[in-house]
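Heads up, the thing below is written out as C-alpha cells.
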Amino acid sequence: MATQGARIGAAKALLTQSEPAAIVGDHCHAPYTCAFTDYCHAGLPAGPYWPVTILPRGAGKAFLQRGIVDLTHVPVEDLGSDTDRRVHRATMTGQVEHDPAGAAQAMADWSYPRIWLDFETVSDAVPVWPGCSPYEQVPFQFVADVEAADHGIVRREFLDLSGKDPRRACAQALAALPKTGAVIAWHARFERDVVLRLARAYPDLAAVLDDLAARIVDLLPVTRDHWYHRDQRGSWSIKAVLPTIAPHLDYATLAVRDGGDAVAAYREAVDVASTPARRAELDAALRLYCGRDVEAMRVVAERLIESGPASPVA
C-alpha cells in the first residue's frame with residue numbers, strides 16, 4: 001500500500017501532465033452527472049436541435065448505435081412504443097398530443113375531498129436525529145391543498161425550521177388531514193414512502209398514516225399517457241410540463257426554484273448563525289416554492305381534462 005507521501009507525490013506529478021482526452025458518453029450521467037460534464041462538452045460541435053436522446057427511458061441509444069442522432073430522421077416504423085411515437089409525432093408536427101377523455105377516465109375515481117400533497121425532505125449520510133437511517137428522506141415541510149367537491153380550496157401547511165427532529169410534528173399534521181378522499185402526488189412513490197416511514201416511526205399514528213398512504217394516487221403517469229408537448233423535450237417532470245400548460249407559473253421567479261434549493265434553504269435556516277430576519281425570508285420562500293408545486297399539479301390536472309384548443313407550440 002502506498003504511503004501518504006507517495007500518494008501526495010503521485011498527485012503532484014499528475015498535476016504537471018497535460019490534460020487527458022475525455023471521451024463523453026453515457027458515463028457522463030450514470031450513475032450520477034459528472035461535475036465536469038459542461039466543460040467536456042463545451043468543445044463539441046453543436047448537435048441537432050431535436051436529438052434522438054429526447055426519447056424517454058433511453059430509447060434513443062439504439063438509434064445512436066445506428067448513427068441516427070436527430071430525432072426527426074428516425075423512421076416512425078422503427079419506434080417501439082406508443083410513448084416514443086407520440087414524442088416523435090409531436091416533435092415532427094408541432095401539435096400537442098392531448099387526450100382529455102382518457103385523462104378524465106384515469107382520474108374519474110379520485111374522490112373528494114382531493115388532497116394535493118407535496119413534501120420537501122432533507123437527508124444526511126450520518127443521521128442527525130435518533131431513529132433515522134443514513135440518507136433517509138426526512139420531511140421538514142409539506143403543503144396540502146384540500147379541494148372540496150365544489151372545487152373550493154383550503155391550504156394546509158407544515159414547515160419546521162427549528163433544527164429539531166421534524167418527523168413527529170409532521171406525522172401529526174398529516175394525521176389531521178381529511179380521513180377520506182384521494183391524495184394526489186407527482187411521482188407518488190416518493191410521497192407514499194415518506195408517509196409509510198412516518199407510520200413505522202410512530203405506531204400510535206400508524207393506522208391513520210397507513211390509510212393516508214393507501215389513498216395516494218399518481219398524477220405523473222396520467223400526464224405521461226395523455227399529454228405531450230414537444231417543448232418538454234422527452235421529460236414529464238412537473239417543471240417540464242408546467243411551462244407548456246401555464247407558463248405564467250414560472251419557477252425562475254422564485255427564490256427557491258427546486259428541491260436542491262429547498263434543502264439549501266432549510267440548512268441555512270436551521271444554522272445557529274441564521275438571523276431571525278433571514279429565517280423569516282427562508283420560511284416565506286419555502287412556503288411559496290412548495291405551494292407552487294401543489295398549485296402546478298392542480299393546474300396540470302385541470303388542463304388534462306379540458307377539451308378546448310391545445311396550448312400553442314413555440
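All residue numbers refer to positions in the sequence shown, counting from 1. When reading the values below, keep in mind they use all heavy atoms of this one structure, side chains included, and skip hydrogens, waters and symmetry mates.
Among residues two or more places apart in sequence or in another chain, the ring-ring contact (aromatic ring centres under 6.0 Å, His included) test is passed with Trp236 by Tyr228. Under the rule for a ring-ring contact (aromatic ring centres under 6.0 Å, His included), the partners of His151 that lie at least two apart in sequence or sit in another chain are Tyr112. For Asp204, the salt bridge (Lys or Arg N to Asp or Glu O under 4.0 Å) test picks out Arg168, with sequence neighbours left out. Scanning for salt bridge (Lys or Arg N to Asp or Glu O under 4.0 Å) contacts around Asp145 gives Arg155, Arg298, with sequence neighbours left out.
Using modelled atom types, one finds a donor on one side chain and an acceptor on the other under 3.5 Å when comparing Asp293 with Tyr251. Asp271 and Ser274 are not linked by any side-chain donor-acceptor pair at a separation below 3.5 angstrom, with hydrogens and angles left out of the test.
Figure legend: cation-pi geometry between Arg156 and Phe142 absent, as NZ or CZ is not positioned both under 6.0 Å from the six-membered ring centre and within 45° of its axis.
Judged as a ring-ring contact (aromatic ring centres under 6.0 Å, His included), not a single pair has a partner in residues 198-219 (not counting sequence neighbours).
Counting only heavy atoms from C-beta outward, the side chains of Leu219 and Leu304 approach each other to under 4.5 Å.
For the pair Arg257 and Asp250, the salt-bridge criterion is not met [side-chain N within less than 4.0 Å of a carboxylate O].
One finds the NE2 atom of His229 at 10.5 Å from the OG1 atom of Thr91 (value rounded to the nearest 0.5 Å).
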N/O donor to acceptor pairs below 3.5 angstrom from side-chain atoms of residues 127-137, sequence neighbours left out:
residue, atom, partner, partner atom, Å
Trp129, NE1, Gly163, O, 3.4
Glu136, OE1, Ser133, N, 2.9
Gln137, OE1, Thr121, OG1, 2.5

